2 protein chains.
Amino acid sequence: MEVVPLVMRHIRSEMRTHRMRGLSLPQFRTLIFLNRNEGACLSQVAEHVGVTLASASKVVNALAERRLVIRMTLRNDRRYVSLKLSKLGIATLIRAREDTEAHLAERITELSPEQQVTVFAALLALRGSFADQQAPSNEKER
Amino acid sequence: MEVVPLVMRHIRSEMRTHRMRGLSLPQFRTLIFLNRNEGACLSQVAEHVGVTLASASKVVNALAERRLVIRMTLRNDRRYVSLKLSKLGIATLIRAREDTEAHLAERITELSPEQQVTVFAALLALRGSFADQQAPSNEKER
DNA sequence: TATTGTTATACTCTATAACTATA
DNA sequence: TATAGTTATAGAGTATAACAATA
C-alpha cells in the first residue's frame, strides 16, 4: 500500500518529464498490450488494462486519432473491432519504453546486486498472484 | 513497468468494489499522511503525495468539504495552513485501511512463505530507493 | 520581493447509463 | 434477445498559469 504508489509516482513522473511522446499511462499500457496481441478486440484491451469497455473505448479512440492505433471491423462478426499498432505507434512505443525503462533501471541500479535479485524475484511472484486476478473480477460483473 | 500497475489496479479495484467510504487513492494517501503528521501544511502533503501544490489543494479541499480534514491558519505565519484529521476522518481512514489491507493480505497469502519473505524484502529495498526521491532535502525525523 | 496557498482553465481517466449496430 | 462497441454525462486527478494573502 505504501511502496507501490511510490513506484507508480516515479513512473508517472518520468513519463511526464520526458514527454513520452505525450503518452499517458493507460495509453502506454494499451500500446504495450496491442504490440503483443495484434488484432485484439476492444474487450480484450479493457480486460487487460482493467477498465470498463467504455473507458477503453475512449483511450483507444484517442490513440486512433493520433494515428498510433488502427481500428478495423471484423468481416466475420462486424460487432468486433480489430486493433493493431500503426508503424508510428510501434515507433512511439519503442521510444517511450526505452526512455522509461532507462530511468527505472537507473533507480534499480542504486540497489545492491542482492537486492536487485530480490526485487526481481518478488515482482515475478507478485505478477503470478496479481496478473490473473482481473479476469474473474472483471468479467463476471458486466 | 508491468507488475506495479497490476498491483495498483488491484488496490484501486478493491477500493472501488468495497466503496472505501468513497475515498480515491490520493485522498486515501493524504489521510494516511495526515494521520502520521498531524498539523502538516499543504506543501508537505503535496510533496509526500507527489503532486503539485495546486493539485494537493484540490484534494484537501474535497476532504475538508466532507469534514474528514480540518484546516486551520497558523497564527505565527498566516500563509500556512495546518491540517489534521477530524474524528470522522480518523474513523474513515481506519475502516478504509482495514478493508484494503485485508484484501491485499489475501492476495499475498496465496504466495508461498518464501515468496512472502522475498516480496517483503523487495518492497523494503524499493522503498529505500524510491521514497527519498521526492524529498531528498526533507529529513525530518518524525 | 519571496513564499504559501487558491482559483481558473484545460486535459485525461474513470464510471454508469443510454444508445447503436450486429448477430 | 444477447453481445460489442460508442456516446453522453458526470466527477476526480492532474498540470500550468494567474492570482491573492502574508511575510
Side-chain angles (χ1 to χ4, degrees), chain A residues 5 8-9 11-31 39-47 49-66 68-69 71-83 134 137-142, chain B residues 5 8-9 11-31 39-66 68-69 71-83:
Chain A
M8 278 300 293
R9 181 196 317 171
I11 293 175
R12 266 193 290 255
S13 163
E14 288 300 340
M15 293 184 71
R16 268 199 300 271
T17 57
H18 295 87
R19 307 278 165 65
M20 290 292 288
R21 324 290 166 188
L23 293 180
S24 71
L25 205 51
Q27 288 172 347
F28 187 42
R29 280 176 53 72
T30 298
L31 293 185
C41 70
L42 190 62
S43 297
Q44 292 174 307
V45 170
E47 183 174 339
V49 180
V51 295
T52 63
L53 195 53
S55 299
S57 181
K58 277 195 73 170
V59 171
V60 166
N61 190 52
L63 292 172
E65 280 180 352
R66 285 173 58 185
L68 302 180
V69 165
R71 271 184 297 203
M72 283 185 306
T73 303
L74 275 194
R75 292 183 190 176
N76 321 356
D77 189 333
R78 297 175 43 172
R79 292 173 300 183
Y80 286 81
V81 174
S82 172
L83 300 166
Q134 78 227 36
S137 88
N138 234 352
E139 264 184 347
K140 62 182 175 188
E141 294 193 8
R142 225 179 314 150
Chain B
M8 278 301 292
R9 180 194 318 172
I11 293 175
R12 265 194 290 256
S13 164
E14 288 300 341
M15 293 184 70
R16 266 199 302 273
T17 58
H18 296 87
R19 305 277 166 66
M20 291 292 287
R21 323 293 164 187
L23 293 180
S24 71
L25 205 51
Q27 288 172 346
F28 187 43
R29 280 174 55 71
T30 298
L31 293 186
C41 70
L42 190 62
S43 296
Q44 291 174 308
V45 171
E47 184 174 338
H48 179 269
V49 180
V51 295
T52 63
L53 195 54
S55 300
S57 181
K58 276 194 73 171
V59 172
V60 166
N61 191 53
L63 292 171
E65 280 180 352
R66 286 173 58 186
L68 302 181
V69 165
R71 270 184 298 204
M72 283 187 305
T73 302
L74 275 195
R75 291 185 188 176
N76 320 358
D77 188 334
R78 297 174 43 171
R79 292 172 300 183
Y80 286 82
V81 173
S82 172
L83 299 166

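Small disclaimer: the values here were computed from a predicted structure and weren't measured. Atoms considered below: every heavy atom in the structure, side chains included; atoms not considered: hydrogens, waters and symmetry mates.
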Checking side chain to side chain contact (heavy atoms under 4.5 Å, CB included) for the pair B:R71/B:L83: CA distance, chi angles, key distance, verdict? CA-CA 5 Å; B:R71 270 184 298 204; B:L83 299 166; 3.1 Å; yes
Any chance you could lay out the side chain to side chain contact (heavy atoms under 4.5 Å, CB included) test for B:L23 and B:L68, step after step, and finish with the verdict? CA-CA 11 Å; B:L23 293 180; B:L68 302 181; 4.0 Å; yes
A:S57 side-chain N/O to A:L53 backbone N/O, donor-acceptor pair under 3.5 Å: no
Nearest whole Å is fine: how far is D:dA2 P from A:D77 CG? 17 Å
If only side-chain N and O atoms of A:S55 are considered, is one of them under 4.0 Å from the OP1 or OP2 phosphate oxygen of C:dA15? yes
D:dA15, OP1 or OP2 - any side-chain N/O from B:T52 closer than 4.0 Å? yes
Give the minimum heavy-atom separation between B:G22 and B:R66, together with the two atoms involved. O-NH1, 3.3 Å
Taking the side chain of B:V59 as its heavy atoms from C-beta onward, which of C:dT6, C:dT14, D:dG13 lies nearest to it? D:dG13
Nucleotide nearest A:R79 when distance is taken to its side chain, options D:dT7, D:dT3, C:dT6: D:dT3
Specify the separation, in whole Å, of atom CD of B:E47 and atom P of C:dT4. 11 Å
Walking DNA chain C from its 5' end, the first of A:A54 and A:L74 to be reached, judged by nearest nucleotide, is A:A54
Starting at CD of B:Q44 and ending at C1' of C:dT3, how long is that distance when rounded to a whole Å? 14 Å
Distance check needed: C:dC13 C1' versus A:L63 CG, whole Å only. 13 Å
Length of the CG-C1' vector between B:L42 and D:dT22, whole Å: 15 Å
Sole candidate of B:V51, B:L25, B:V59 that passes side-chain contact (heavy atoms from CB on, under 4.5 Å) when paired with B:T30: B:V59
Quickly work out the B:E65 CD to C:dT7 C1' distance and round it to whole Å. 14 Å
Is a donor on one side and an acceptor on the other found under 3.5 Å between the side chain of B:Q44 and the backbone of B:C41? yes
Euclidean distance, atom CG of residue B:L53 to atom C1' of D:dT16 [Å, nearest integer]: 13 Å
Can a side chain N or O of A:S57 be found less than 4.0 Å away from OP1 or OP2 on D:dT6? yes
For B:S43, answer base if it contacts any base atom (sugar-phosphate contacts may also be present), sugar-phosphate if it contacts only those atoms, and nothing otherwise; contact means non-hydrogen atoms under 4.0 Å. sugar-phosphate
Round to the nearest Å and state the distance from A:N61 atom CG to C:dT14 atom C1'. 15 Å
Which atom pair, heavy atoms only, marks the closest approach of B:R29 to B:V49? NH2-CA, 4.2 Å
For a quick test of reading the model: is some side-chain N or O of A:R71 closer than 4.0 Å to OP1 or OP2 of D:dT6? yes
Write down the protein N/O and nucleotide N/O pairs, taken from nucleotides 10-12 of chain C, whose separation is under 3.5 Å; answer none if there are no such pairs.
none

